[in-house]
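Numbers restart at 1 for each chain; the letters A, B, ... are given by sequence-line order, proteins then strands.
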Amino acid sequence: MTKYIIRRLISLLPTLLGVTLLVFMFIHLIPGDPAVVMLGEHASAENVKRIRQQLGLDKPLLLNFEAPAQALRGEIGIGEGVKGLFDSQYLGFLGRLLRGDLGRSVHEKTPIADLLKLKFPATIELSLLSMAFAIAVGIPAGIVSATRRNSIFDGLSMVGSLIGVSMPIFWLGLMLIYFFGVKLGWFPTYGRLPVDLSLERVTGLYTVDSILAGDVRALGLALKHLVMPSVALGTIPMAIIARMTRSAMLEVLQEDYIRTAYAKGLSERTVIIRHALKNAFLPVITIIGLQIGGLLAGAIMTETVFSWPGVGKWVYDAILARDYPVVQVAVLVITLLIALVNLLVDISYAFLNPKIRFE
Amino acid sequence: MSDNLVEVRGLKKWFPVQKGFIERLVTRERQFVHAVDGIDFQIRHGEVFGLAGESGSGKTTTGRLILRLVEPTEGSIVFDGVNLASLGDEEMRRLRQRMQVIFQDPFASLNPRMKIGDAIGHSLEIFKVATGEEKRQRVLDMMERVGLTPARFFYDKYPHQVSGGQRQRIVLARALMLHPDLVVADEPIAMADVSVRALLLDLMLQLKEEFNLTYLFITHDLATAKYICDRIAIMYLGLICEMGTLEQVYRHPQHPYTQALLAAVPVPDPHARRVKRLPKGEIPNPINPPPGCRFHPRCPHATAICSVEGPSLTEVEPGHLVACHTRFPA
Amino acid sequence: MSEPVVEIRHLNVDYPTRIGVVRAVDDVSLTIERGEVLGLVGESGCGKSTLGMALLRLLRPPGRIAGGQVFFNGRNLLELGEEEKRLLRGERISMVFQDPMTCLNPLQRVSDHLVETIRTHRPEVSKKEARAQAAELIDRLGIMTERLDDYPHQLSGGMRQRVMIGLALALNADLIIADEPTTSLDVIVEAQFLELLRELQQQFNLTILLITHNIGVVAELADRVAVMYAAKLVELGDVYPLFDAPLHPYTRGLLRSVPNIRLTDDDLEIMSGVPPDLYNPPPGCRFHPRCAQVMDRCRLEEPPFREVQPGRSVACWLY
Ligand SMILES: Nc1ncnc2c1ncn2[C@@H]1O[C@H](COP(=O)(O)OP(=O)(O)OP(=O)(O)O)[C@@H](O)[C@H]1O
Ligand SMILES: Nc1ncnc2c1ncn2[C@@H]1O[C@H](COP(=O)(O)OP(=O)(O)OP(=O)(O)O)[C@@H](O)[C@H]1O
Ligand SMILES: [Mg+2]
Ligand SMILES: [Mg+2]
């Protein structure tokens, strides 16, 4: 098992490298020059040039062929020429990354690492809570639907989940804001906490921090802020999990070993929980893993709608501002997260399935 | 022309083991299922050649190899003097008309949306032998012959509208449409109702005479094989362990496995309740077959050599071949 | 003579479906005596499994009992409440299904299967004790005790079927319903399993309802034989007289149409026709369209199932 995990982690490296390369290429395809965006439309050409130089945007993208060419012409030494070949935007970024330097935000003029520390926990907190919501509602709904097949509950929950799957996040988010935020005023419509509330930062997860600080009021407020974004973000995975659980349960309930379990004299409850659910859980767990990937993508939308100061909104703003270094780091972080979650899912799958575990 | 319609030499088929994603990452070496692991036999013109053995011994794979539905890993198959390996796709396609197959499950091999008559006559169209009214007439004739009567009544029905026994007759009729030389019948009656099996066997024998057929009859049921076969080969884990005429194999079985298999067949007669010694254990995994004689871990007569060296098929009397060290030391 | 374990009286079982009601068990009466092996034979779809599942009150939906009575140890099973039915299952009546591959929960170890059965019905038994009992059981069934913690997929087909029998033995069930217990096994493993079953039956005086379409298996193991045809019981009797001199033309045809490896003259009796469709069975005797000795009466009137010799019943106008 350890061997397997190590292998998987190693195989992650090329993936991440590929992702950085892809992201790098794509953001440079987006029209718009960061220097111009920073300085405004009417900046002088000189100023733009200076800023480009500062940011290293004047260097070639992948490889600097100018340096070896110069070396061949004898303008600079061979060693310098070879070294100069690698003096490009991309390789420079990689090099800094390897040294643990994530770079600086062009827009906010702060080290990206500091920003990341600020934004990352917000996204984690939101994702965890929406996944918890999706699982806590989706799985029981799927089970009840399957065991009371064709009942009114089944019908309602399946129609509901169909709507849930096809609902665009931003629309759901806006609806939630309109009804529960504006009309009813039950929940705050943006941010993580009221601006005037101060909380000592330990983990960056405000729910955890408020518990650590023993601040019940802050905990309540943090949760209140979390409700609507979590529902918006968790609805699609919840609906998918519910449908998947239902169909997996229906399939398992047809199995001969379920009949055997009844023949043993077990009660229906025991049969469903101990025999059916455990088996149905295998496919469901794969789906949950896939949903977490989708969740992080959905986070961009949700965080934007709810002005949630997390990685998603950060990426969104950074793209608008052509803040290349931020986009790169943020996408890398999200990719890493998705890959790790999938590894975790595969491991737990192997752990739950004896066929994989022992062969 | 030789006596033999089919000659199989040194035939092997190894299937690579499909491994899960995870295992592929963890293990390096590729594993193979030794489905058929080097067999030789001949099928003579006009005979019923049986292939029997337990599940997973490689019977179906052998049948599919002869039909060239799967490519052999090693070895050759000569059909009526022609080495199949030497044929191109088009030649092979033409030769296919001369070899037909009947599978165990007639339902699975019939297109549910095709009328029975059209299903039977399909091959006539594929090979452009007959179309239209001529095709219809030929199909009706064949339906009468296999007992699908009244033929006109059945012609326009769909497979799900007829019984299992009738479906097997449809499959038979379809196989015979092009007047093949060889019919590979893979467990043809296993799915039929018990009371219909005898009828189907009898029909197969009748048709064999009428159309001059040669059968390769694949079965795991030795009692059925005894009823229809002329010669029989017993397979165990991809190898033939005994082969001979029905009389030789059933009356004087020499291989301990054949003996065990014969003793194990349930007899429909309470007076024949057995008092017997059965071999221990079950058929091992074909991925890592035991070294030496594949039967030695279960064999009551096994000696030291059996676990080291695999015995080869030896002729112990004319036409009777056995692969066993202890009974017939080379 | 002691009271029979099971007494079935005029049992009817229906499957209501979209295209009509299938009566899969039609007016069947029969008893199973303590310590006997009753073989129930018949072709695919004639209602054998349905009869077995009706005894366990575990019919697959939409199946339902449409009439009759079933007495188990003197109590009418059809009047039991849910909880009583549940307690009966596994403890007093145990089931061995056809395909041991799919009948064991793939996520449960052998020990889990056995311990669960024991502790469901004997909650006072500690886990450790139940485990010890399980180990003893599989040892008796010829499986090494080291395999107690194996998962089903690690066992061979024969071993899985032994575990299924172990579930039945764990609580000394009064009745074991074995539905095609050997159908998915290879001949040699089948023979090994039948041998084991016979040993256990004699050792523990088990009562077994052996459901199968394999005439050879019945001949091997049964004390009495019941023959079903198209949802009806057509003949019932001790195994030797029934095989020696079958009365019902269907029984005769069935027994003679099975190839016997021990006989040299292999003249099989060939039955014409096919088993009827249960959605609209033929009127009169259901076998009459295929019967060589058919009489006018057979086409119109249904023959009653009655005792024609001591211990021998048949439903045929010839007798
Ligand atoms: N396409 C395939 N890929 C991998 N393994 C295969 C394939 N076909 C067959 N095998 C394996 O080859 C072995 C022989 O299979 P085969 O179907 O020939 O046996 P058989 O004697 O016909 O058995 P049965 O009585 O169960 O039909 C088996 O272990 C089977 O799992
Ligand atoms: N769930 C069901 N719904 C509708 N009809 C059913 C159902 N289960 C069984 N039947 C019908 O009841 C009849 C008896 O089925 P049963 O399974 O008892 O037969 P069997 O004798 O056990 O056959 P086999 O040898 O194939 O197991 C069949 O004709 C079948 O079509
Ligand atoms: Mg096969
Ligand atoms: Mg059945």
Side-chain angles (χ1 to χ4, degrees), chain B residues 52-57 147 162-167 169 189 191-203 219-228 246-247 250-251 257 260-285 298, chain C residues 41-46 142 156-159 182 184-192 194-195 198 212-223 225 229 238-240 242-244 250 253-264 266-277 290:
Chain B
E54 286 176 278
S55 165
S57 55
V162 304
S163 75
Q166 283 161 344
R167 274 199 286 271
R169 285 169 194 256
I189 61 163
M191 303 276 280
D193 281 327
V194 184
S195 67
V196 181
R197 289 183 187 177
L199 192 74
L200 283 171
L201 283 181
D202 202 59
L203 179 68
T219 181
H220 65 269
D221 179 8
L222 285 176
T224 305
K226 173 171 154 285
Y227 184 73
I228 190 165
L246 215 54
E247 171 88 9
Y250 281 69
R251 285 291 196 79
Y257 177 65
L261 206 56
L262 285 167
V265 176
V267 180
D269 178 3
H271 297 288
R273 287 196 179 173
R274 3 171 204 211
V275 260
K276 62 180 167 268
R277 296 183 332 249
L278 290 165
K280 298 254 171 295
E282 300 181 26
I283 194 163
N285 186 339
R298 301 171 73 187
Chain C
V41 290
E43 292 175 71
S44 177
C46 72
S156 67
M159 291 207 266
T182 62
S184 62
L185 304 179
D186 272 329
V187 241
I188 294 181
V189 183
E190 169 181 84
Q192 291 166 344
L194 289 176
E195 215 167 61
R198 178 162 44 208
T212 179
H213 65 269
N214 189 330
I215 309 292
V217 169
V218 171
E220 194 73 42
L221 211 60
D223 299 313
V225 179
Y229 183 77
D238 288 341
V239 64
Y240 289 100
L242 190 129
F243 271 76
D244 291 342
Y250 172 68
L254 190 64
L255 298 182
R256 304 251 163 97
S257 70
V258 182
N260 181 340
I261 199 162
R262 298 287 170 83
L263 296 184
T264 33
D266 37 15
D267 270 340
L268 299 187
E269 188 167 314
I270 292 169
M271 245 190 282
S272 63
V274 292
D277 172 9
R290 304 175 72 186

Enquirer: Only pairs of heavy atoms separated by less than 4.5 Å count here; which of C:L221, C:D277, C:L255 has the most with chain B?
Expert: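 Most heavy-atom pairs under 4.5 Å with chain B: C:L221.
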Enquirer: If you count heavy-atom pairs under 4.5 Å between each of C:D186, C:I215, C:T182, C:I270 and chain B, which one has the most?
Expert: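 When all of C:D186, C:I215, C:T182, C:I270 are compared, C:D186 has the most.
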Enquirer: Which one of C:V218, C:D244, C:L185, C:N214 has the most heavy-atom pairs closer than 4.5 Å to chain B?
Expert: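 Heavy-atom pair counts peak at C:D244.
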Enquirer: Please report the shortest heavy-atom distance between B:R169 and B:L200, naming the atom on each side.
Expert: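 Nearest heavy atoms, B:R169 then B:L200: CG-CD2, 4.2 Å.
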Enquirer: Please report the shortest heavy-atom distance between B:S195 and C:S257, naming the atom on each side.
Expert: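 Heavy-atom minimum between the residues: CA-OG, 4.3 Å.
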Enquirer: When rounded to the nearest 0.5 angstrom, what is the spacing between OG1 in B:T219 and CD1 in B:I228?
Expert: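 Those atoms lie 9.5 Å apart.
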Enquirer: Tell me which of these, B:G56, B:A198, B:A192, has more heavy-atom pairs under 4.5 Å with chain C than the rest.
Expert: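 Of B:G56, B:A198, B:A192, B:A198 has the most heavy-atom pairs under 4.5 Å with chain C.
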Enquirer: Side chain, backbone, both or neither: which part of C:R290 has an atom under 4.5 Å from a heavy atom of chain B?
Expert: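 Contact with chain B involves the side chain of C:R290 alone.
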Enquirer: Counting only heavy atoms closer than 4.5 Å, note whether C:I188 contacts chain B via side chain, backbone, both or neither.
Expert: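 For C:I188, backbone and side chain are both near chain B.
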Enquirer: For C:V187 versus B:H220, what's the shortest heavy-atom pair and its separation?
Expert: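 Looking at all heavy atoms of both residues, the shortest contact is CG2-O, 4.3 Å.
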Enquirer: Might you point out which heavy atoms bring B:V194 and C:H213 nearest each other, and give the distance in Å?
Expert: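 Residues B:V194 and C:H213, closest heavy atoms: CG2-O, 3.8 Å.
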Enquirer: Check whether B:Y250 reaches the backbone of B:L222 with its side chain - one donor and one acceptor, N or O, closer than 3.5 Å.
Expert: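 Side chain of B:Y250 to backbone of B:L222: a pair is present.
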Enquirer: Specify which of C:G253, C:G42, C:S44, C:S156 makes the most heavy-atom pairs with chain B at under 4.5 Å.
Expert: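 Sorted descending by pairs with chain B, the first entry is C:S156.
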Enquirer: Find the one option among C:Y240, C:F243, C:Y250 whose heavy-atom pairs under 4.5 Å with chain B are most numerous.
Expert: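 Going by pairs under 4.5 Å, I would pick C:Y240.
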